[in-house]
Amino acid sequence: AVGRRAPERVPCRSVFRGTPGVGKTTLGKELASRSGLKYINVGDLAREGQLYDGYDEEYDCPILDEDRVVDELENQMSEGGVIVDYHGCDFFPERWFHIVFVLRADNSVLYKRLETRGYNEKKLKDNIQCEIFQVLYEEALASYKEEIVHQLPSNKPEDLEDNINQILKWIEQWIKDHSS
Ligand code: DAT
């Protein structure tokens, strides 16, 4: 039913968080193609607009220019109907999101995925620790009201299917709760 509302766009704005490799992109793209929601990958957005402010040698990646990312996203937010994909998002305004999904994967599963990506040893270790200590889940709880933060398992293909169905239900419920 969410899909049938497109292209009007449901006003709901949600965000996917989670350690790199946990499956945000996979879920986000699949969900977008099966609903009226627009998938926005912050990493891609930054790359396309070169929204960077220096380079992190230790992690071997560019540093996001957070102010410019926020400016760029602000326009898209006003339309609603978006799923934003970013591993962390403490620089995002709290008001942006109605629902926060934190994807989780088992360490062994995540390790294999990141190894396949060719992460160096430090990056591998840091990301696995990030998952073990559920850093992004804790951060999400610190940044948003607990009742809008949902954890989703993301280990196997069946999880992907379940997650899509769950999210579509949550969004429909959100629409019901917010239409008066
Ligand atoms: P992220 O965007 O969080 O960095 P991704 O979507 O690129 O992660 O996924 C990383 C890898 O894991 C990719 O090869 C696809 C695979 N994957 C994602 N979700 C999965 C799932 N539910 N079951 C099996 N493999 C999955």
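Just so you know, ligand 1 is whichever comes first in the structure, and atom 1 is the first atom listed for that ligand.
The side chain of R117, and not its backbone, has at least one atom closer than 4.0 Å to an atom of ligand 1 (non-hydrogen atoms only; side chain from C-beta on).
Of the protein's heavy atoms, R113 NH2, 3.5 Å lies nearest to atom 20 (C) of ligand 1. At the shortest separation from atom 22 (N) of ligand 1 among protein heavy atoms lies K156 O, 2.9 Å. Closest to atom 2 (O) of ligand 1, if we only count protein heavy atoms, is T25 OG1, 2.5 Å. Given atom 15 (C) of ligand 1, the protein heavy atom at minimum distance is T26 OG1, 3.6 Å.
Using cut-offs of 30° and 60° for the angle between ring planes, the F97 and Y144 rings count as perpendicular.
Taking the charged nitrogens against the carboxylate oxygens, R17 and E139 do have a contact shorter than 4.0 Å, which makes a salt bridge.
Between L27 and ligand 1, no pair of N/O atoms sits closer than 3.5 Å. Between D159 and ligand 1, a contact under 3.5 Å exists for no N or O pair.
Contact between N155 and ligand 1 is present, with at least one heavy atom of the residue lying under 4.0 Å from the ligand.
Ligand-side atoms of ligand 1 in range of P157: 23 (N), 24 (C), range being under 4.0 angstrom from any heavy atom. Of all the atoms in ligand 1, the ones that sit under 4.0 Å from a non-hydrogen atom of K24 are 1 (P), 2 (O), 3 (O), 4 (O), 6 (O), 8 (O). Within ligand 1, the atoms closer than 4.0 Å to a non-hydrogen atom of P20 are 4 (O), numbered from 1 in the order shown.
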Salt bridge (charged side-chain N to carboxylate O under 4.0 Å, His left out) between D126 and K123, intermediate numbers included: CA-CA 5 Å; D126 286 357; K123 218 167 155 180; over 6 Å; no
